[in-house]
*Asks:* 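One structure coming up, written as structure tokens, with questions to follow.
Residue numbers start from 1 in every chain, and the chains themselves are labelled A, B, ... in the order their sequence lines are given, proteins ahead of strands.
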Number of protein chains: 2
Amino acid sequence: MTFRTVGLLIAVFVAAWMIGCTQTNQQRGSAPVVDQSQPKWAIVIHGGAGMLDRSMPADLKLRYEQGLTSALQAGRTILAAGGSSLDAVEAAVRSLEDNELFNAGRGAVLTRAGTCELDASIMDGRTLKCGAGAGLRTVRNPITFARRVMEQTPHILFTGDGAETVATQLGVERVDPGYFITPRRREQLDKRLKELGLTAAPSDDSLTRGTVGCVAIDIRGDIAAATSTGGMTAKMPGRVGDSPLIGAGCYANNATLGVSCTGTGEQFIRHVAAHDLSALVRYKGLTLEQAASVVLTERLEIDDGGLIAIDRAGNIVATTTTGCMPRAWARSDGATHLQIWDDDR
Amino acid sequence: MTFRTVGLLIAVFVAAWMIGCTQTNQQRGSAPVVDQSQPKWAIVIHGGAGMLDRSMPADLKLRYEQGLTSALQAGRTILAAGGSSLDAVEAAVRSLEDNELFNAGRGAVLTRAGTCELDASIMDGRTLKCGAGAGLRTVRNPITFARRVMEQTPHILFTGDGAETVATQLGVERVDPGYFITPRRREQLDKRLKELGLTAAPSDDSLTRGTVGCVAIDIRGDIAAATSTGGMTAKMPGRVGDSPLIGAGCYANNATLGVSCTGTGEQFIRHVAAHDLSALVRYKGLTLEQAASVVLTERLEIDDGGLIAIDRAGNIVATTTTGCMPRAWARSDGATHLQIWDDDR
């Protein structure tokens with residue numbers, strides 16, 4: 001193992017431990033009301049595993065932190081008011097989709113053809129119902145499309161032209177395809193296309209992948225998970241990654257946990273990573289932290305990505321082997337956390 | 001539980017027992033050479049769980065049996081000659097795709113729009129590499145498309161227009177979309193569309209679903225699985241079922257087993273059925289027969305469908321809770337089996 005690999009492994013375990021133990025950080029700018037008599041809820045979000053530029057301007061870093069805080073707030077408000085985990089994860093992911101910094105919805109990365117093809121999935125751990133869309137081109141909030149598919153059709157996954165037709169039938173908000181495209185992503189695509197003609201590997205992971213996701217457990221013990229992405233920069237049109245695939249990039253089951261994954265989608269698909277996390281807890285009796293470590297370091301390769309998850313007891317993990325994953329969480333006991341790089345604090 | 005449900009449960013256990021024990025049936029019309037000194041291989045195929053009409057003419061039943069025999073033969077010949085399980089499952093599924101009786105390739109069921117949208121996936125248990133296509137419209141053999149995606153692209157799943165472009169790049173054989181459409185499927189669609197306007201449930205399951213699949217283990221112990229389908233009659237265009245989804249309708253891992261599923265796709269997706277079978281064996285220590293029973297009768301609902309699987313020791317299951325699933329298998333020890341209904345013999 002290289003020095004970097006060892007360092008990353010250590011970072012994963014430290015991050016898992018930090019989150020697993022009671023030592024927590026108070027979220028800046030808010031002082032949550034702590035009331036132990038309240039029923040328990042918890043929520044965790046991520047903005048995609050990757051390697052954001054450490055030398056980014058302070059105001060850009062602040063915008064990432066504000067984006068995470070806003071999305072977390074959208075979900076926690078619902079949970080604190082006794083709302084459902086499904087409503088919470090949809091609200092949080094909508095917030096991240098609407099934020100052009102994250103690779104989902106507006107600001108999603110572009111395909112080789114310069115278009116956006118958006119994927120999303122959502123799952124209800126109480127009923128195991130789920131919904132998803134792949135290759136969406138005009139749906140403003142793919143996660144809402146996924147939820148409507150789950151609740152208003154007998155099916156789970158729609159793709160391409162058929163998905164656009166279903167979007168019309170479901171009445172979800174539509175936008176012109178240009179809505180999703182930002183100058184920043186256009187520059188990234190141009191850079192990546194140039195690289196593809198010159199070198200095999202991209203110079204910066206943050207340009208090529210990323211996903212957003214949310215997992216929550218509400219006061220009734222119902223778990224929900226949601227994942228949304230634009231995929232990989234310069235991906236071949238029609239390519240579907242793990243985000244819209246139940247069991248790969250998203251899974252929720254009240255019997256075990258909810259999980260949302262981010263990283264190199266193909267790796268999460270072939271290892272059926274989201275369901276494997278659940279199976280390791282359910283059948284092998286591992287703790288959530290142990291199971292996350294097995295999936296990320298024994299099944300997947302170092303640098304493949306990360307995941308966020310909440311088990312039925314309300315334990316939270318938010319960990320990555322890439323060294324960087326904007327993430328945030330909050331619990332009904334008032335504990336909150338916000339972090340971008342593994343060695344942030 | 002109704003009388004029918006109890007009967008189906010009994011049928012499942014009897015079928016699993018029949019296959020699990022040493023009592024086997026010799027395939028009609030062939031006397032395999034038994035040579036216990038040879039390295040072991042095994043292959044199992046299915047033609048889709050459903051409820052074929054028991055009163056079908058004798059010559060039609062014979063054609064189903066001949067179709068199974070031909071497909072099995074295509075795969076077993078490769079395995080007996082020391083070929084790979086990947087080659088075997090691709091050859092067997094191609095044979096079923098080319099046979100208009102089965103709901104895959106030519107003779108696939110039609111969408112609501114009167115078109116064919118074909119899905120397939122393949123997985124290599126040695127490397128966990130996999131490939132898949134969804135919503136294919138002009139690829140003659142979707143399983144070959146899936147294999148080329150696995151071997152010649154860095155991705156796993158392509159859908160829709162993008163998949164057609166990739167098919168061109170991969171050089172797979174193409175056909176006019178009309179090639180897939182048979183008069184029988186056209187009649188089924190017309191009937192189903194009429195029913196959709198009149199009643200909520202179809203009168204005959206065989207009209208609405210079906211899949212083909214193959215699992216094999218070769219003399220090196222490498223396991224492969226393949227699944228291919230046209231989906232459900234009168235499905236909404238763009239709907240993707242479990243067949244092209246790794247972990248749902250198809251999974252292979254040398255550490256555990258290979259499996260191909262068939263039935264109500266959405267149920268197999270939300271239960272991540274193929275990977276769950278593997279996880280029950282790997283993490284809970286169940287036998288293949290026990291795991292198949294858990295997946296089909298405890299996770300899924302009775303009548304949802306069936307599965308075929310081979311574990312790393314060469315044990316075979318081919319079982320369904322629908323009472324009917326054309327299936328056949330063969331082993332290097334000369335044992336063979338062919339069956340359509342659970343109470344066939």
Side-chain angles (χ1 to χ4, degrees), chain A residues 111-113 117 123-124 127-130 132-135 149-150 153-167 169 232 235-242 244-248 251 253 264-267 269-276 278-286 299, chain B residues 111-113 117 123-124 127-130 132-135 149-150 153-167 169 232 235-242 244-248 251 253 264-267 269-276 278-286 299:
Chain A
T111 69
R112 204 161 287 201
E117 291 191 352
M123 188 161 185
D124 176 356
T127 60
L128 300 189
K129 285 189 175 176
C130 39
V149 167
M150 173 177 80
T153 84
H155 301 307
I156 291 174
L157 174 58
F158 284 97
T159 69
D161 293 338
E164 297 293 326
T165 305
V166 171
Q169 292 166 354
M232 306 163 70
K235 69 181 178 184
M236 296 158 79
R239 175 260 185 187
V240 176
D242 63 318
L245 305 187
I246 298 302
Y251 184 72
N253 188 335
T264 304
E266 280 71 12
Q267 282 286 83
I269 294 174
R270 67 172 54 96
H271 290 282
V272 200
H275 184 262
D276 201 37
S278 171
L280 284 163
V281 168
R282 185 172 196 172
Y283 302 140
K284 209 172 178 183
L286 299 194
R299 300 284 180 269
Chain B
T111 68
R112 204 163 287 201
E117 289 190 353
M123 188 160 185
D124 177 355
T127 61
L128 300 189
K129 286 189 174 175
C130 40
V149 167
M150 173 176 80
T153 84
H155 301 307
I156 292 175
L157 173 59
F158 284 96
T159 68
D161 293 338
E164 297 293 325
T165 304
V166 170
Q169 292 166 353
M232 304 163 71
K235 69 181 178 183
M236 294 158 81
R239 175 261 184 186
V240 176
D242 63 318
L245 304 187
I246 299 303
Y251 184 72
N253 188 336
T264 305
E266 279 72 12
Q267 281 286 84
I269 295 174
R270 68 172 54 97
H271 290 283
V272 200
H275 185 263
D276 201 37
S278 172
L280 284 162
V281 168
R282 185 172 196 172
Y283 303 139
K284 209 173 180 182
L286 299 194
R299 301 284 180 266

*Asks:* Given heavy-atom pairs under 4.5 angstrom as the criterion, report whether the side chain, backbone, both or neither of Ile156(B) touches chain A.
*Replies:*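 Answer is both: backbone and side chain atoms of Ile156(B) are under 4.5 Å from chain A.
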*Asks:* If I measure from the heavy atoms of chain B, does Leu128(A) come under 4.5 Å with its side chain, its backbone, both, or neither?
*Replies:* both
*Asks:* Which pair of non-hydrogen atoms, one from Val149(B) and one from Thr153(B), has the smallest distance, and what is that distance?
*Replies:*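 The pair with the smallest heavy-atom distance is O-OG1, 2.9 Å.
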*Asks:* Just jot down the side-chain contact (heavy atoms from CB on, under 4.5 Å) partners of Thr165(B), sequence neighbours excluded, or say none.
*Replies:*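 Applying side-chain contact (heavy atoms from CB on, under 4.5 Å) to Thr165(B) gives Gln169(B).
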*Asks:* Can you give me the closest heavy-atom contact between Asn253(B) and Arg282(B), atom names plus distance?
*Replies:* ND2-NH1, 3.5 Å
*Asks:* Sort out for me which of Gly162(B), Ala163(B), Ala134(B), Ala132(B) touches chain A most, counting heavy-atom pairs under 4.5 Å.
*Replies:* Gly162(B)
*Asks:* Heavy-atom pairs under 4.5 Å with chain A are the metric here; pick the option from Lys284(B), His155(B), Glu117(B) that has the most.
*Replies:* His155(B)
*Asks:* Is Leu157(A) close to Leu245(A) at the side-chain level, that is, under 4.5 Å between some pair of heavy atoms?
*Replies:* yes
*Asks:* If you count heavy-atom pairs under 4.5 Å between each of Gly135(A), Gly265(A), Pro154(A), Ala248(A) and chain B, which one has the most?
*Replies:*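 Maximum pair count with chain B is reached by Pro154(A).
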*Asks:* With a 4.5 angstrom heavy-atom cut-off, which part of Val166(B) approaches chain A: side chain, backbone, both or neither?
*Replies:*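 Val166(B) touches chain A through side-chain heavy atoms alone.
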*Asks:* Among Gly160(B), Gly133(B), Pro237(B), single out the residue with the greatest number of heavy-atom pairs under 4.5 Å to chain A.
*Replies:*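 So the answer, after comparing Gly160(B), Gly133(B), Pro237(B), is Pro237(B).
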*Asks:* Arg112(B): what forms a side-chain hydrogen bond (donor to acceptor under 3.5 Å, both in side chains) with it, not counting sequence neighbours?
*Replies:*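 Partners of Arg112(B) under the side-chain hydrogen bond (donor to acceptor under 3.5 Å, both in side chains) test: none.
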*Asks:* Checking Leu286(A) against chain B: side chain, backbone, both or neither under 4.5 Å from a heavy atom?
*Replies:* neither
*Asks:* Tell me, do Glu266(B) and Arg239(B) make a side-chain contact under 4.5 Å, heavy atoms counted?
*Replies:*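 The answer is yes, as the side chains (C-beta and beyond) meet within the 4.5 Å cut-off.
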*Asks:* Name the member of His275(A), Met123(A), Met236(A) that forms the most heavy-atom pairs with chain B at distances under 4.5 Å.
*Replies:*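 Top option by heavy-atom pairs under 4.5 Å: His275(A).
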*Asks:* Checking the side chain of His271(A) only, and the main-chain atoms of Arg299(A) only, is there a donor and an acceptor separated by less than 3.5 Å?
*Replies:*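 Yes; judged by distance alone, with no hydrogens or angles, the pair exists.
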*Asks:* Side chain, backbone, both or neither: which part of Asp276(A) has a heavy atom under 4.5 Å from chain B?
*Replies:*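 Contact with chain B is through both the backbone and side chain of Asp276(A).
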